[in-house]
Colleague: 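Before I ask anything, here is the structure I am working with.
Numbering of residues begins at 1 and proceeds along the displayed sequence. Here the structure is a predicted model, which means the values were calculated and not measured.
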Amino acid sequence: MLFLATFFPTWEGGAGVYDFVGEFMKATVDLADLLGLHLVMSRNAGKGEYKIMVAAMGWATAELVMSRCIPLWVGARGIEFDWKYIQMSFDSNISLVHYIVMAAVVWMFTRYDLPKSFRLPVTVLLGLCVYKAFLMELFVHVFLLGSWTALLVKAVLTGSISLCSLFLFVTLVHSN
């Protein structure tokens, strides 16, 4: 957070104007998350499947507690019902799938026995995982999507990345 606040200040442009370069640079900082994820998985002994699950569940739990738990706990207990808490719950589930996929792709990317034919697809999936939030913001801003439609697009994008990475993961694990 200190790095983001220091080198990527808030956008001072007009209202409704999208800061493409600034948001892209903020998304690029997420590469440090991948490095941390790799370090966590490389320090733990065990099978790759267990490393992926432990790292992804830990990351998703930390993200849930730090960004969604308090608003959900405070707001959803109120007398009035609001759909934003249902959206927040769906978004949490989509994020959990995203973090599991990201951990699996990082694990595949760092394998020494990864076949050369898998390098490009795994690298593309890794790039999509890192820049998914940026692409979603850009897509929502360009097409002026509502909150439910944006959630649906996020679910479809996460699902397609998940299916592609599952295919590569199963192929890689069963080929060895």
Side-chain angles (χ1 to χ4, degrees), residues 1-4 6-8 18-64 66-68 90-143 145 149-176:
M1 294 304 282
L2 184 64
F3 183 77
L4 280 174
T6 303
F7 296 108
F8 303 108
Y18 187 70
D19 181 21
F20 180 80
V21 175
E23 294 298 323
F24 180 78
M25 296 305 288
K26 286 180 191 176
T28 304
V29 173
D30 288 344
L31 291 172
D33 290 340
L34 297 183
L35 179 65
L37 192 60
H38 167 67
L39 289 175
V40 166
M41 288 193 300
S42 65
R43 301 281 187 232
N44 293 332
K47 292 179 70 173
E49 294 89 356
Y50 300 131
K51 289 180 181 185
I52 291 168
M53 192 56 70
V54 166
M57 292 300 287
W59 191 5
T61 302
E63 194 261 344
L64 173 75
M66 297 306 291
S67 66
R68 292 190 175 99
F90 286 147
D91 191 37
S92 294
N93 290 325
I94 293 168
S95 295
L96 175 64
V97 172
H98 173 72
Y99 294 137
I100 292 171
V101 167
M102 189 176 286
V105 171
V106 167
W107 179 78
M108 285 189 288
F109 186 77
T110 58
R111 287 183 56 110
Y112 65 90
D113 61 344
L114 185 69
K116 292 211 182 272
S117 61
F118 280 33
R119 285 276 176 210
L120 181 63
V122 169
T123 305
V124 168
L125 283 174
L126 197 59
L128 280 173
C129 285
V130 170
Y131 293 108
K132 185 184 87 149
F134 167 72
L135 293 173
M136 279 299 304
E137 282 184 38
L138 183 65
F139 196 76
V140 166
H141 184 76
V142 167
F143 293 110
L145 299 179
T149 310
L151 190 66
L152 178 66
V153 170
K154 185 176 183 179
V156 167
L157 181 62
T158 303
S160 58
I161 292 171
S162 302
L163 289 175
C164 291
S165 65
L166 178 67
F167 173 74
L168 288 174
F169 182 80
V170 169
T171 306
L172 179 66
V173 170
H174 287 297
S175 69
N176 292 334

Colleague: For residues S95 and E63, report the shortest heavy-atom separation together with the two atoms involved.
Modeller: CB-OE1, 4.3 Å
Colleague: Which pairs with one or both residues in residues 92-116 pass ring-ring contact (aromatic ring centres under 6.0 Å, His included), sequence neighbours excluded?
Modeller: W59-Y99, W107-F169
Colleague: If the condition is side-chain contact (heavy atoms from CB on, under 4.5 Å), which residues does L64 pass it with, not counting sequence neighbours?
Modeller: R68, S92
Colleague: Measure the CG-CD1 distance between L157 and I94 for me, rounded to the nearest 0.5 Å.
Modeller: 10.0 Å
Colleague: I need the minimum non-hydrogen distance between M108 and L114, along with the two atoms involved.
Modeller: O-CD2, 3.5 Å
Colleague: With sequence neighbours left out, what residues match V142 under side-chain contact (heavy atoms from CB on, under 4.5 Å)?
Modeller: L138
Colleague: Take atom OH in Y131; do more than 12 heavy atoms of anything else shown fall under 6.0 Å from it?
Modeller: yes
Colleague: How far does CG of L166 sit from OG1 of T171, to the nearest 0.5 angstrom?
Modeller: 8.5 Å
Colleague: For a quick test of reading the model, state the closest non-hydrogen atom pair linking V105 to V122 and the distance between them.
Modeller: CG1-O, 3.7 Å
Colleague: Sort and list the pairs that fulfil side chain to side chain donor-acceptor pair (under 3.5 Å) and have at least one residue in residues 158-169, not counting sequence neighbours.
Modeller: K132-T158
Colleague: Once you round to the nearest 0.5 Å, how far does CZ of F143 lie from OG1 of T149?
Modeller: 12.5 Å
Colleague: Tell me every residue that passes ring-ring contact (aromatic ring centres under 6.0 Å, His included) with F167, counting only those two or more places apart in sequence or in another chain.
Modeller: none
Colleague: So, do L135 and L128 sit near enough that their side-chain heavy atoms are less than 4.5 Å apart?
Modeller: yes
Colleague: Going by side-chain contact (heavy atoms from CB on, under 4.5 Å), name the residues that satisfy it together with P121, two or more places apart in sequence or in a different chain.
Modeller: L168
Colleague: Can you name the nearest heavy-atom pair linking L96 to A60, along with the distance?
Modeller: CD1-CB, 3.5 Å
Colleague: From L39 CG over to L34 CG, what is the distance, rounded to the nearest 0.5 angstrom?
Modeller: 11.0 Å
